Amino acid sequence: MNVLVINGMEVAALLPMSDAIEVMADALQTLARGDAILPLRPVMWLPDRIGALGMMPAYLGGEPSIMGLKVVSVFPGNRDTPYDSHQGAVMLFETNHGRPLAIIDASAITAIRTAAVTGVATRALAREDAGDLAILGSGVQAQTHLAAMLNVRPIRRIRVWSRTEENAREFAARESERHTVEIEVVETAQGAVDGADLICTVTSATAPVLKGEWIAEGAHVNAVGSSVPFARELDTQAVARSRMYVDRRESALHEAGDFLFPKREGAVDDSHIQGELGDLLIGRVEGRQRPSDITLFKSLGLAVEDLAAGYHIYLKALATNVGTAVDLGGARV
């Protein structure tokens, strides 16, 4: 029984950002309508929390339905090494007989689908005329988030800040050439977000890099870098000032340090979360109410996003004869 193995370069070719944004929008609406199973992800931390192994199972309904698992190691300290901070595989299974269909590079899927979900949120929540973009961080997610923002809004200015200025300059030079845009390197996070109406935080910081007092009225913020309860990129005021939306409420209440720190401080409670992004897309909750609103999307990443991205990649790989077939599985002999 053949299982298709698809590597990272193949993933990037089969899942351009414009496609990924639409695939994520569809998956989040399916989740909002209740046609998905999404357990909280178990995470095994290594001693001293130098790294973790996360396991993300899910079922996504539709025609056809699909089930699967992303297993991924998370090593935030990899920033200055040859290795990505997220490494692993997405495994797809069909739901008639449980046959394994594909094993797909998880680093590439994670990089693209995370930014694509941010693109969906930005398209739904940011002002139509938003185009002054600040990116805090300069790693893989900074790269894919720039692509997502360029897909959903007419970007007129781009500023980037990183805790290591050399990394910011390398990012600016590389991505300016890739997208034929001008990217300004700014020495401070405050300088990067001054007057910005689109802000993406994509750092590995454990303490706030974005303060609420810096955020301009009418801005939309995408908080992406932290996905654990003991770390955050935004300070309490940044969260309290915003209309906050999440990819999954249950996940946010257990895992989102950006929300849990302000909650523990008494600045917000659970009702501060306006709703899930999928609910916003199907009209179950309201989005931006006034041009002056500060909107916030807190991203944690969901296994249904990995499944939807993986299945889209799998179908395109079959259609274009991409990937490597390996004889695996449980066929009776």
Side-chain angles (χ1 to χ4, degrees), residues 16-18 20-21 24 111-165 167-205 208-226 233-234 238 241-245 258 277 287-288 291-299:
M17 186 57 67
S18 57
I21 289 170
M24 293 302 99
I112 298 168
R113 66 84 161 145
T114 303
V117 173
T118 296
V120 173
T122 301
R123 189 167 65 183
L125 291 169
R127 295 198 324 256
E128 290 291 338
D129 63 348
D132 189 332
L133 171 64
I135 300 176
L136 306 186
S138 59
V140 170
Q141 285 296 336
Q143 175 182 322
T144 54
H145 274 73
L146 173 59
M149 295 301 99
L150 290 170
N151 263 271
V152 298
R153 283 296 183 269
I155 304 299
R156 60 184 178 272
R157 184 184 187 189
I158 304 166
R159 285 171 283 178
V160 63
W161 168 83
S162 177
R163 286 172 292 178
T164 304
E165 185 174 337
N167 293 339
R169 294 196 178 280
E170 290 177 358
F171 170 85
R174 182 183 66 249
E175 298 306 314
S176 293
E177 182 176 356
R178 186 197 305 269
H179 296 286
T180 319
V181 295
E182 181 181 349
I183 301 176
E184 306 169 40
V185 176
V186 184
E187 292 183 356
T188 66
Q190 182 176 2
V193 304
D194 183 27
D197 47 28
L198 291 173
I199 301 170
C200 297
T201 63
V202 288
T203 73
S204 57
V209 296
L210 177 63
K211 294 186 177 182
E213 65 191 68
W214 301 342
I215 303 173
E217 285 193 355
H220 172 67
V221 180
N222 297 300
V224 179
S226 171
E233 297 179 294
L234 277 58
R241 288 186 67 195
S242 69
R243 289 179 59 82
M244 183 178 184
Y245 300 81
D258 285 302
L277 183 53
R288 174 179 294 272
S292 60
D293 284 343
I294 295 171
T295 52
L296 166 63
F297 171 59
K298 175 56 202 166
S299 169

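Because the structure is predicted, anything quoted here is derived from the model rather than measured.
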Gap between atom [atom2] of [Y] and atom [atom1] of [X] - 0.5 Å precision:
| X | Y | atom1 | atom2 | result |
| --- | --- | --- | --- | --- |
| Glu170 | Thr164 | CD | OG1 | 10.0 Å |
| Cys200 | Phe297 | SG | CZ | 11.0 Å |
| Glu217 | Ile294 | CD | CD1 | 6.5 Å |
| Ser242 | Asp258 | OG | CG | 10.0 Å |
| Ile135 | Trp161 | CD1 | CH2 | 13.0 Å |
| His220 | Arg243 | NE2 | CZ | 12.5 Å |

Start with the C-alpha gap between Thr114 and Val224, add the side-chain angles, then the distance that decides, and say whether side-chain contact (heavy atoms from CB on, under 4.5 Å) holds.
CA-CA 8 Å; Thr114 303; Val224 179; 3.6 Å; yes
Heavy-atom side-chain proximity of [X] to [Y] below 4.5 angstrom:
| X | Y | result |
| --- | --- | --- |
| Val193 | Val221 | no |
| Ile183 | Phe171 | yes |
| Ser204 | Arg163 | yes |
| Ser226 | Lys298 | yes |
| Leu133 | Leu146 | yes |

Minimum heavy-atom distance between [X] and [Y], given as atom pair plus value:
| X | Y | result |
| --- | --- | --- |
| His145 | Thr118 | NE2-OG1, 2.8 Å |
| Arg156 | Asp129 | NH1-O, 3.0 Å |
| Ala238 | Ile215 | CB-CD1, 3.8 Å |
| Ala126 | Arg153 | O-NH2, 2.9 Å |
| Leu234 | Ala223 | CD1-CB, 3.7 Å |
| Gly195 | Asp132 | O-OD2, 3.8 Å |

Hey, mind stepping through Lys211 and Gln190 against side-chain contact (heavy atoms from CB on, under 4.5 Å) and telling me if it holds?
CA-CA 8 Å; Lys211 294 186 177 182; Gln190 182 176 2; over 6 Å; no
Would you please say whether a donor-acceptor pair under 3.5 Å links the side chains of Thr295 and Arg288?
yes
Salt-bridge test for [X] and [Y]: reply yes if a basic N is under 4.0 Å from a carboxylate O, no otherwise.
| X | Y | value |
| --- | --- | --- |
| Arg127 | Asp197 | yes |
| Glu165 | Arg169 | yes |
| Arg157 | Glu184 | yes |
| Asp194 | Arg159 | no |

Assess the residue pair Leu125 and Tyr245 against the criterion (side-chain contact (heavy atoms from CB on, under 4.5 Å)); give the C-alpha distance rounded to whole Å, side-chain angles, the decisive distance to 0.1 Å, and a yes or no.
CA-CA 9 Å; Leu125 291 169; Tyr245 300 81; 3.7 Å; yes
Neighbour count >12 (heavy atoms, 6.0 Å) for atom CD, Glu177:
no
Assess the residue pair Asn222 and Thr122 against the criterion (side-chain hydrogen bond (donor to acceptor under 3.5 Å, both in side chains)); give the C-alpha distance rounded to whole Å, side-chain angles, the decisive distance to 0.1 Å, and a yes or no.
CA-CA 8 Å; Asn222 297 300; Thr122 301; 3.0 Å; yes
Has the side chain of Thr201 got a donor or acceptor atom that lies under 3.5 Å from a matching backbone atom of Leu136?
no
Under 3.5 Å: donor-acceptor pair, side chain of Glu182, backbone of Ile158:
no
